[in-house]
Amino acid sequence: MTPPTPLLELRDISYTYPGTAEETLSHVNFTLTDERIGLIGANGSGKTTFFQLIMGLIRPQSGELFFQGKMVHSEKDFQELRRTIGFLFQNSDDQLFSPTVLEDVAFGPLNMGASPDEAKEISIKTLEKLGLKDFEDRITHKLSGGEKKLTALATILSMQPKLLLLDEPSNNLDPATRERLINILRGLDQAHIIISHDMDFLASTCAQLYTIEHRQLHRCDQKQVHSHEHLHPYGDKPHQHGT
Ligand SMILES: Nc1ncnc2c1ncn2[C@@H]1O[C@H](COP(=O)(O)OP(=O)(O)OP(=O)(O)O)[C@@H](O)[C@H]1O
Ligand SMILES: [Mg+2]
């Protein structure tokens with residue numbers, strides 16, 4: 001049987017930021033089919049850089065990127081790819097640029113050819129799903145941190161991407177909202193890669209874990225993603241855990 005064409009493949013990708021002496025990522029190889037992957041790694045290890053390379057926001061000095069079996073190289077190729085991969089930025093302020101929530105969420109569908117009425121309907125449904133009912137006319141820059149995160153996620157989900165790249169999606173979310181996000185992500189069909197320092201969040205949303213260490217991506221075969229219960233002071237208060 002022929003193996004399925006990978007959704008995404010990086011071959012021997014290396015990247016050095018301009019003006020820096022050392023590579024941030026070095027000879028990275030990675031293949032994704034339809035998995036749900038969690039990506040962990042120390043601050044500054046190159047996780048966000050990895051996402052930016054996939055989206056073509058920065059270009060590697062060497063190596064090749066394939067999406068759905070086709071090499072992605074020119075700006076036109078990357079424009080096409082950006083319509084198909086949903087990228088949630090680590091900082092929501094970098095993602096939201098329209099005055100109102102509806103304009104931001106409708107931007108993607110409109111850009112992909114939906115009529116204004118269709119785009120509005122998709123946007124309202126997506127916002128409702130994320131617990132942001134009646135947020136359409138809210139002023140984007142006045143939203144709270146968590147509301148911004150969810151609105152940014154809505155701008156992506158409204159485009160029904162084939163793959164989601166989520167950079168620290170549970171940051172700023174209260175426990176109930178974080179739980180809702182877990183349920184939403186578990187209910188989606190798409191493959192995803194989630195960067196997070198929140199191991200329990202990853203345990204609930206991902207089947208496989210990767211880490212970036214020494215400028216390379218490694219599959220964590222020895223470590224298993226797992227949830228656990230434990231006892232500690234103030235345990236009755238909602239709280240989150242780091243790695
Ligand atoms: N534009 C830039 N110019 C120079 N160096 C940069 C630039 N952007 C990021 N870096 C550096 O590249 C390294 C990787 O950064 P990156 O943002 O990918 O890390 P990260 O793993 O996402 O970290 P965090 O967990 O803190 O978000 C860091 O040392 C960072 O300082
Ligand atoms: Mg980062």
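For ligands, and for the atoms within them, numbers begin at 1 and follow the listed sequence.
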More than 12 heavy atoms from other groups under 6.0 Å of CD on E23: yes
SB check K76 E80 (cutoff 4.0 Å): no
K148/D93 salt bridge by N-O under 4.0 Å criterion: yes
Atom-level proximity to ligand 1, residues with heavy atom under 4.0 Å: Y17, T20, T24, A42, N43, G44, S45, G46, K47, T48, T49, Q90, E168, H197
Validation row: D77, M71 side chains within 4.5 angstrom (heavy atoms): no
Under 2.8 Å from the Mg ion (ligand 2), the protein N, O or S atoms, given as residue and atom: T48 OG1, Q90 OE1
Partners passing side-chain contact (heavy atoms from CB on, under 4.5 Å) against E103 (at least two apart in sequence or in another chain): S98, P99, T100
Pairs flagged by side chain to side chain donor-acceptor pair (under 3.5 Å) wherever residues 9-20 is involved - sequence neighbours left out: E9-R11, D12-H27, Y17-T49
E75 side chain near R59 side chain, heavy-atom distance below 4.5 Å: yes
Within-4.5 Å side-chain heavy-atom neighbours: L32 and Y210: no
Within 6.0 Å of NE2 in H218, more than 12 heavy atoms from elsewhere: yes
